[in-house]
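See structure below.
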Amino acid sequence: MTDKIVLDYCKKMEELGIKNKVLEHPPLVEAAQVVNHLGYTLDDSVATLIMKADDDFIAVLRRDVTKISFKKIKKLLGIESLRIATPEEFSKVTGLEIGTARFYVPNLKTYIDKEVFGKKYILGGTGSLNYTFQCLSEDLKKLPGVEVVDVTVPIEQEKSHSTSVKRVFSGIRATGRLHLGNYLGAVKGFLELEKSGEYETVYCVVDVHSITTPYDKNALAKNKREIIIDYLAAGLDPKKSIIIYQSEVPEHIELAFYFSSVVTIARMQHLPTYKDKVKQHPDANTMALLNYPVLMASDILIYKAGLVPVGIDQEPHLEVAREIARKMNQLYGTDFPEPVRFATKGEYIPSLTGEGKMSKTVVNSFINLTDSLEKIRKKIRSVPTATAAGGEMSPGLKTLFIFAQLFIPSEVEGFKKSYQDKSLQFVELKDRIAEAIYKELKPFQERRAKISADQKYVDEVIRDGAERAHRIARETVKEVKHKMGLL
Ligand code: AMP
Ligand code: TRP
C-alpha cells in the first residue's frame, strides 16, 4: 500500500501533465543508497535543494552528479546572501521529512538547472523515505512558475589533483625486526617502484595494525623505529618516497571508520587471515582485529594508491580494499582506484623449517636482515633435508632450491644435476646459499650501522614524511566527509 501523501503527490503531478511511476524501497535517506538499491546510479537522480536567497526561500533542482555554484545563483538572482535552508526551515517550507524533497514545492519559485535534462528519465523524492518518484525530465517544464537556468558545475571539475598522480602504498607491521621474507616479498618491490620514478611512493610502518593482536608496548615503541631504519638501510630514499608511521597520520583511522559503514561483519569474519589470528589468540578476538582489513584498505585508499607491493599472503586483504573502493564509489561517487598487488620474484619465501612461510612469529623460520654470516650459515645448515640425494625432493630441499633460484640462479642447474646423480653434498649447497644471502645483506648492514648512528636524521625523515602524508590524507578525508554528507 502506497502512503497517502505519496498517492496525493502523484495525482497532483498527473494533473499538471507529468506522468509518473513510484518505486518502492526500504526507508533510505541518502540518494546514493536509494539509487543503488533500485539499480540506478547518481547519474539518474535529481535533488531539490531548498535555499534561503536573501529574505526568500527558493527551490533549486540539480542532478546529483553536479554541484551548485553559489556564485552563479547569486549573480543570476542579483542577491547578496545565499545558503542551504536549515533542517527546521526545510520542514517548515516543504512540510516534509529531510531526504524526501519533491520536484514540486507549491508556492516556491523553482529553478531547474539545465543539466537536469541531460537524462531522459529522472528520479526524485516523494515525501516518503520508502518511495522514489520517476518521470520524464522534460515534463518538469510543466511545473507552475519554473525557470530553467545554468547554476551548476560538474563534480568532475572539482576532482582533486591527487587522483591524477599514480601512487604506490605499502606497509609493514612493527611486530619485530624485518626478516628475509619481508625484504624479498615486500621491500624489494618498494625499492623497484621508487627507482622507476613513475610513481609517488608512500611507505609506512603500520604501528596501529600492530596493536590488533597482543603486544608489548615497550617493544612496539622500539620496533617501529627499527623498521624505519631498516627501510632507509634497504635503500629507500626519503627525498623520493614518503616514509611514515601510520599513527602519525590519524586520518587513516578516521577514514577506516567511515569505510566500516560499507563492510559487513560477516565478510570480515570469513577471512582466513582473521580466523588464523583468532586461533592463535583465542582470548583476544577484538574489534580491532576484525577491523584489520578495513584499516588496511584505508591506508591504501587514503592516498588513492593503485599499486601495492606486498607478498602473496596479502591478496585476500587487497580484495577487501577493492570491494570497499567499489562500494564507496558506487554509493557516494568517490573516485577510489581498485588497488592491485605488485609482485616481486620473492613473493613467497618459505620457512627454514621446511613447513609454511618464513614468518616473524614462527621460531627458527627466518633469517634476520642483520644476521652475521655465521648466523646465516648456521640457520641454513639447520634446514632439514632428505637423508639421501636423488628421488623426490623433501620440503626442506625444495626450500633450499627456492633460495638458490633467488640468490645463485646461475648455479641452480649444476646443483640440480648433482642432486639427480646423487653426488650432491647438502652442506656444500647450504653454505653456498648462506654466503650469497650474506653478500646481499652486507651493504644493507653497513648502511644500517651508519643510519643508526644518526638518530637526528631518522627523526627528520619521520617528521617530514608525516607532514607530506598529512597533506594528501587530509584532502581525501575532506572529500569523503563531503560526499558522505558529513560536511
Ligand atoms: P608481515 O611481517 O607479515 O607484516 O609482512 C610484511 C610484508 O612482508 C608483507 O608485504 C608480506 O606479504 C611480506 N612477507 C612476509 N612474510 C613473507 C614471506 N615469507 N614471503 C614473502 N613475503 C613475505
Ligand atoms: N597487512 C599487512 C601485512 O601483514 C600490513 C599492512 C597494513 C599493509 N596496511 C597495509 C600492507 C597497506 C600494504 C598496504 O603485511
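Numbers for residues simply follow the sequence, beginning at 1. Being a predicted model, the structure only gives us computed values, none of them experimental. We count ligands from 1, going down the list as the structure has it; atoms in each ligand are counted the same way.
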query = Which residue and non-hydrogen atom of the protein lie closest to atom 2 (C) of ligand 2, and at what distance in Å?
reply = Gln314 OE1, 3.3 Å
message = For Glu194 and Tyr203: C-alpha separation, side-chain torsions, deciding distance, then whether side chain to side chain donor-acceptor pair (under 3.5 Å) applies.
response = CA-CA 10 Å; Glu194 181 194 274; Tyr203 298 126; over 6 Å; no
query = With a 4.0 Å cut-off on heavy atoms, is Ile172 touching ligand 2?
reply = no
ask   = Taking the six-membered ring for Trp, are Phe259 and Phe336 ring centroids under 6.0 Å apart?
value = yes
request  = Looking only at protein heavy atoms, identify the closest one to atom 11 (C) of ligand 2 and say how far it is in Å.
outcome  = Gly171 O, 3.3 Å
inquiry  = Can you name the atoms of ligand 1, numbered from 1 with element, that are less than 4.0 Å from a heavy atom of Tyr348?
reply    = 20 (N), 21 (C)
request  = Could you list which atoms of ligand 2 come closer than 4.0 Å to a heavy atom of Tyr292?
outcome  = 1 (N), 2 (C), 3 (C), 4 (O), 5 (C)
ask   = Where is the tightest heavy-atom contact between His252 and Ser298, given as atom of each residue plus distance?
value = O-OG, 2.6 Å
ask   = Val310 heavy atoms, cut-off 4.0 Å: which ligand 2 atoms fall inside?
value = 11 (C), 13 (C)
query = Any idea which heavy atoms bring Phe90 and Glu97 closest together, and the distance?
reply = CE2-O, 3.4 Å
remark   = Per-atom filter on ligand 2: closer than 4.0 angstrom to a heavy atom of Val308 are 13 (C), 14 (C)
ask   = Which residue pairs pass the ring pair (Phe, Tyr, Trp, His ring centres under 6.0 Å) test with at least one member in residues 456-487, sequence neighbours excluded?
value = none
ask   = Hey, is NZ on Lys360 packed in by over 12 heavy atoms from elsewhere, all under 6.0 Å?
value = yes
message = Once you restrict to heavy atoms under 4.0 Å, what part of Arg173 touches ligand 1? Side chain, backbone, both or neither.
response = both
ask   = Would you say the ring centroid of Phe190 lies under 6.0 angstrom from that of Tyr231?
value = yes
request  = Validate the cation-pi geometry between Lys224 and Tyr245: distance from NZ or CZ to the six-membered ring centre under 6.0 Å, angle to the ring axis within 45°.
outcome  = yes
message = Using side chain to side chain contact (heavy atoms under 4.5 Å, CB included), reason through Arg432 and Ile408 one step at a time and then give a plain yes or no.
response = CA-CA 8 Å; Arg432 189 60 204 99; Ile408 43 167; 3.5 Å; yes
query = Between Asp113, Asp43, Asp44, which is the residue that forms a side-chain hydrogen bond (donor to acceptor under 3.5 Å, both in side chains) with Arg63?
reply = Asp43
note = shortest atom 9 (N) of ligand 2-to-protein heavy-atom contact is with Asp299 OD2, 2.7 Å
message = I'd like the name of whichever of Gly181, Ser365, Ala174 reaches closest to atom 23 (C) of ligand 1 through any heavy atom.
response = Gly181
ask   = In ligand 2, which numbered atoms sit nearer than 4.0 Å to a non-hydrogen atom of Phe169?
value = 12 (C), 14 (C)
inquiry  = Heavy atoms only, cut-off 4.0 Å: how does Glu347 contact ligand 1, side chain, backbone, both, or neither?
reply    = backbone
request  = Identify, by atom number and element, the atoms of ligand 1 in contact range of Lys360, meaning under 4.0 Å from any of its heavy atoms.
outcome  = 2 (O)
ask   = Any N/O of Ile312 closer than 3.5 Å to an N/O of ligand 1?
value = no
query = Looking at Arg322, Arg326, Lys304, which one forms a salt bridge (Lys or Arg N to Asp or Glu O under 4.0 Å) with Glu338?
reply = Arg326
query = Between Phe169 and Tyr303, how do the two ring planes meet: parallel, tilted or perpendicular, split at 30° and 60°?
reply = parallel
key: Residue and atom name of the nearest protein heavy atom (relative to atom 10 (C) of ligand 2), distance in Å to one decimal   = Met296 CG, 3.4 Å
note = heavy-atom search around atom 12 (O) of ligand 1 in the protein gives Asp313 OD1, 2.6 Å
query = What about Ile349: any of its N or O atoms under 3.5 Å from an N or O on ligand 1?
reply = yes
inquiry  = Does the structure place the NZ or CZ of Lys416 under 6.0 Å from the centre of the six-membered ring of Phe401, at an angle of no more than 45° from the ring's axis?
reply    = yes
query = Is the closest side-chain heavy-atom distance between Leu441 and Asp371 below 4.5 Å?
reply = no
inquiry  = Below 4.0 Å, non-hydrogen atoms only: which portion of Ile300 touches ligand 2? Side chain, backbone, both or neither.
reply    = side chain
query = Is ligand 1 less than 4.0 angstrom away from at least one heavy atom of His179?
reply = yes
ask   = Nearest protein heavy atom to atom 6 (C) of ligand 1, by residue and atom, and its distance?
value = Asn182 ND2, 3.4 Å
ask   = Relative to the heavy atoms of Gln314, which atoms of ligand 1 are at a distance of less than 4.0 Å?
value = 12 (O)
ask   = Would you say ligand 1 has an N or O under 3.5 Å from any N or O of Gly311?
value = yes
inquiry  = Using a 4.0 Å cutoff against the non-hydrogen atoms of Gly346, which atoms of ligand 1 qualify?
reply    = 21 (C)
request  = Could you establish whether Ser359 and ligand 1 come within less than 4.0 Å of each other, counting only heavy atoms on the residue side?
outcome  = no
inquiry  = To the closest 0.5 Å, what do you measure between CE (Met268) and OG (Ser260)?
reply    = 10.0 Å
task = Heavy-atom contacts with Gly185 under 4.0 Å: which atoms of ligand 1 show up? List them by number with element.
result = 21 (C), 22 (N)
task = Please determine if Glu200 and Lys166 form a salt bridge, counting it only when a charged side-chain N lies under 4.0 Å from a carboxylate O.
result = no
query = Does an N or O from Ser170, backbone or side chain, lie closer than 3.5 Å to an N or O of ligand 2?
reply = no
key: Proximal ligand 1 atoms for Ala186, defined as those under 4.0 Å from one of its heavy atoms   = 7 (C), 8 (O), 10 (O)
